[in-house]
Amino acid sequence: MGTSAGAARSHRCGELRAEHVGQEVVLCGWVQSRRDHGAVAFMDLRDRYGLIQVVADEDSPAESREFLGKLHLEDCMQVTGTVRMRGEGNRNPDRATGDVEVVAKKVERLSIAKPVPIEILDDLDAPEELRLRYRYLDLRRTPMRRFIEQRTQANHAIRSNLVEQGFVEVETPMLTKSTPEGARDYLVPSRMKAGHVYALPQSPQIFKQLCMVAGLDRYFQIARCLRDEDLRADRQPEFTQLDLEMSFVEEEDVFQTVEQVVAALYQSLFGQTLERPFERMSYAEAMRRYASDKPDLRNPLEIVDLQSVAGDLGFKVFDSVLSAGGMVRGLRVPGGASLSRKAIESIEQTARDAGGAGAAWCKVTEGGQATGPMGRFLKGEAGAAFLAALQAEAGDLVLAVADRKRVALVVLDHVRRKAGQLMDLVQGPDRLLWITEFPLFEEVEDGVWAPAHHPFTSPVEEDLDILRQGQKDGVRSRAYDLVLNGVELGSGSIRIHRREVQEVVFEAIGLSPEQARRRFSFLLEAFDYGPPPHGGFAIGLDRLYALLFQAESIRDVIAFPKTSSAACPLTGAPGQADPAQLEELGLQLSERASVVESPESV
RNA sequence: GGGGGUGUGGCGCAAUUGGUCAGCGUACCAGACUGUCGAUCUGGUGGUUGCGGGUUCGAGCCCCGUCACCCUCGCCA
């Protein structure tokens, strides 16, 4: 901390050590606790930097002795006194400042605190809603303050690394037009142009591409994004992304750039040097081996295709799925025969929770026999072939899932994770992984395909022809994700910069040239003026920080977060609209809106 | 929008099959105490058990509705 303590104080509470003994100091802070013994009284004074014990004894003026005992927790204080060594046996080794104390000469209360609704304790156990309502008190707590400080450091590491890499930082508008992410927009009505609205950005997507057309070459921003969708434990209506875009690049250029940033982050936060390059895996391979587009590679279990061996067992469950065009895949859990009946049942339950019918299973005995529910179907050559496909050995547990393709993959993913967790296989260092060549379209219902990304995501060159022929299944895009231990950190793509390709994609996703021009006119217009090939990436920082800082919730790394109904208990936002403001905006509330009453005004 | 969980003094918790069970800790207030350190001791204030309705002689406890929060599915690149 290279800055001065401030005019009202000479030192910070947390910095006093034996070397300060004898100095007269002026401290400012809050009353953390007080211990009044009559003729001697103590107070722990807290600031951002720590705690210091202030004592008033026979060396202090009588009035300060009395005053110290009368203070409330969290009163804001200024204390003048002398640093002195604590007596032998009176030191507190659990505290950084525990060898010294400040003998009060003058004790002044700068402001008074009512009884606090939440206590300022590291291990506070209070309803989160209350913590949000009194966030300014919650943030006085050390763990919360740490998150803020770590976030500062992380943002700083990111920013300085990207600047080093030659990036320019551009602040893009908050009042803008709808962007192509496909979430619901937050709208802001215009006063100047009644009946018209701004949309708050779901991401700076369009603007960062415009930055590329502008020749800025390498853009980044730590950007606020807003999406009006239902919340989750790891989702907030407004969140922060590290957003970047680069010109004249291919996937590898983006990967290396992002890897440098992430490595700088780990270096700064943990002093840890990440191994680079990160691993890379195509979407197809990830789905084949892990049934997931964000596999946790710390879990070594892999999916095995049993399509060709499942039909010969005389197992009705497999037969009916196969004849319906479904999928049979399985999983070998080495040593899994040691799992209890109850544990295996929990895997079956996981499969059902994931939307499947369950999971077939058997254990492999020393003699190579299969026991358990699926065991009796695994006799003879067909059974041996089945187990051989899995490379199952004595002592293993074998799990098999049969279902419609989309369901089976989801179930396999859950089963793999559950089995890995039960066997305690998920360990080792962080595994960072690029998933590449995501499909351009995803099947949302049987036979119904929707674009998986925004419409400027470039298809893979070799797949252009089949795309032109109207095929959707199997068309690869140049989109990629970065995955950390099974958690998707962010995603990006190489964009389309050629008009001809853009038109093919618009047509494929069912946008007529007119519709496309209406929605993205300004970007398409910009693309008439020599757009460079470009691509980029965006990382959700709140989620990443929650992970890296080991916060319990994404809300802990956000200073002033919202509840799961997108409300702010502190400010009471969203608030009721003021009729005068509505009038000015040319707006009228519908029946539905006026029925809704605020439950309570704070 | 669907499913699940939670809701008792400011805060954390308790209350047997529905029957003196509205109690404990902490904070708060008053007092005592020369070395504590999330001090201790004594005494005290404080609750229409989220809200509304119902069942019952009787509801914190059972039923219905509702609100808020948390988790989750849908939704969200």
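Please read all numbers here as calculations on a predicted model, not as lab measurements. Order of the sequence lines fixes the chain letters, A, B, ..., with proteins taken first and strands second; residue numbering starts at 1 for each chain.
The nucleotide B/G58 finds no pairing partner, because no Watson-Crick or G-U wobble arrangement with both distances shorter than 3.5 Å includes it. Shown here, B/C41 forms a base pair with B/G31; the pair counts as Watson-Crick or G-U wobble because both key distances fall under 3.5 Å. Nucleotide B/G7: paired with B/C67 (Watson-Crick or G-U wobble, both distances less than 3.5 Å).
Here the C1' atom of nucleotide B/C37 and the CG atom of A/L68 are 13 Å apart, to the nearest Å. Distance A/E88 CD to B/U36 P: 14 Å, rounded to the nearest Å. What separates CD of A/Q53 from C1' of B/U34 is a distance of 13 Å, to the nearest Å. Distance CZ (A/R35) to P (B/U36): 10 Å, rounded to an integer number of Å. One can place CZ of A/R133 at 13 Å from P of B/C69, the figure rounded to the nearest angstrom. In this structure, CG of A/D125 is placed 15 Å from P of B/C70, rounded to the nearest angstrom. Atom CZ in A/R555 sits roughly 11 Å away from atom P in B/C69 (whole-Å rounding). One can place CZ of A/R95 at 10 Å from P of B/C37, the figure rounded to the nearest angstrom.
Within the nucleic acid shown, A/R141 has no heavy atom closer than 4.0 Å to any nucleic acid atom. As judged by a 4.0 angstrom heavy-atom cut-off over every strand, A/E58 is placed among the base-contacting residues. Residue A/D57 is classed as a base contact, given a heavy-atom separation below 4.0 Å to a base. Residue-level contact check: A/R91 touches the bases, meaning some heavy atom is under 4.0 Å from a base atom. In this structure, A/S565 reaches the sugar-phosphate backbone alone: every heavy-atom distance under 4.0 Å involves primed, P, OP1 or OP2 atoms, never a base. Contact annotation for A/E129: backbone-only contact, meaning every heavy-atom pair under 4.0 Å involves sugar-phosphate atoms and none involves a base. Counting any heavy atom pair closer than 4.0 Å across all strands shown, A/L231 reaches no nucleic acid atom. If you check every strand for non-hydrogen atoms under 4.0 Å, A/D123 touches a base. Here A/D94 lies out of heavy-atom contact (under 4.0 Å) with every strand. A/E74 comes within 4.0 angstrom of no nucleic acid atom, judged by non-hydrogen atoms across all strands.
Comment: A/E259 engages A/R280 in a salt bridge, judged by a side-chain N to carboxylate O separation of less than 4.0 angstrom. The pair A/R478-A/E437 does not count as a salt bridge, with every side-chain nitrogen at least 4.0 angstrom from each carboxylate oxygen. No salt bridge links A/E348 with A/K418; every basic N to acidic carboxylate O contact stays at or beyond 4.0 Å. One finds a salt bridge joining A/R131 and A/D556 here, because a Lys/Arg side-chain nitrogen approaches an Asp/Glu carboxylate oxygen to under 4.0 Å. Between A/D122 and A/R146 there is no salt bridge, since no side-chain nitrogen of the basic residue lies less than 4.0 Å from a carboxylate oxygen of the acidic one.
Between A/H37 and A/F42, a ring centre-to-centre spacing shorter than 6.0 Å is recorded. Between A/H497 and A/H534, the gap from one ring centroid to the other reaches at least 6.0 Å. Here A/F456 and A/F520 bring their ring centres to under 6.0 angstrom of each other.
Checked by distance alone, A/R232 brings a side-chain donor or acceptor within 3.5 Å of a matching partner on the base of B/G74. Side-chain to base pairing of A/R131 with B/G12: no donor and acceptor N or O lie closer than 3.5 Å to each other. Residue side chain A/R235 reaches the base of B/C75 through a donor-acceptor N/O pair under 3.5 Å, judged by distance alone.
Of the listed nucleotides (B/C37, B/G12, B/C76), B/C37 has the atom at the smallest distance from the side chain of A/D44. With B/C37, B/C70, B/G35 as the choices, the nucleotide that has an atom nearest any side-chain atom of A/N92 turns out to be B/C37. Of the candidates B/G12, B/A39, B/C11, B/A39 carries the atom nearest the A/S33 side chain, counting heavy atoms from C-beta on. Checked against B/C69, B/G35, B/C76, the side chain of A/R227 finds its nearest nucleotide in B/C76.
Comparing the P positions of B/G9 and B/U49 gives a spacing of 9 Å, expressed to the nearest Å. On the C1' atoms, B/G12 is 16 Å away from B/C28, given to the nearest whole Å. Only the C1' atoms considered, B/G60 is 11 Å distant from B/G7, to the nearest whole Å. Nucleotides B/A22 and B/A15 have their C1' atoms positioned 8 Å apart, rounded to a whole Å. Straight-line distance between the C1' atoms of B/G65 and B/G46: roughly 32 Å, to the nearest whole Å. Rounded to whole Å, the separation between the P atoms of B/C62 and B/U17 comes to 11 Å. When the P atom is used for both B/U6 and B/C75, the distance is 28 Å, rounded to whole Å. Between B/A59 and B/U48, the two C1' atoms lie 14 Å apart (nearest whole Å).
In the model, A/S111 has no side-chain atom that pairs as donor or acceptor with a side-chain atom of A/R109 under 3.5 Å. Between the side chains of A/Q236 and A/R543, no donor-acceptor pair of N or O atoms lies under 3.5 Å.
The aromatic ring of A/H37 sits over the base of B/A39, with ring centres less than 5.5 Å apart and planes tilted by under 30°.
Residues from residues 473-480 of chain A with heavy atoms under 4.0 angstrom of RNA chain B: there are none.
Remark: A/T563 is in phosphate contact with B/C69, judged by side-chain N or O atoms under 4.0 Å from OP1 or OP2. The side chain of A/R543 places no N or O atom within less than 4.0 Å of a non-bridging phosphate oxygen (OP1 or OP2) of B/C76.
Closest-nucleotide positions on RNA chain B for A/E229 and A/I118 were compared, and the one nearer the 5' end corresponds to A/I118. In terms of position along RNA chain B, the nucleotide closest to A/P117 lies nearer the 5' end than the nucleotide closest to the other residue of the pair A/D230 and A/P117.
In this structure, A/W434 and A/F255 have parallel ring planes: the angle between them is below the 30° cut-off, well short of the 60° mark. Under the 30°/60° scheme for interplanar angles, the aromatic rings of A/Y136 and A/Y134 are found to stand perpendicular.
In terms of heavy-atom proximity, A/A526 sits nearest to A/L210 at CB-CD2, 3.5 Å.
Partners of A/R95 according to the side chain to side chain donor-acceptor pair (under 3.5 Å) rule, which considers only residues two or more places apart in sequence or in another chain, are A/D44.
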Taking only nitrogen or oxygen atoms into account, show me every contact under 3.5 Å that the protein makes with nucleotides 27-30 of chain B, one pair per line with its distance.
unit_1	atom_1	unit_2	atom_2	d
B/C29	OP1	A/H72	NE2	3.1

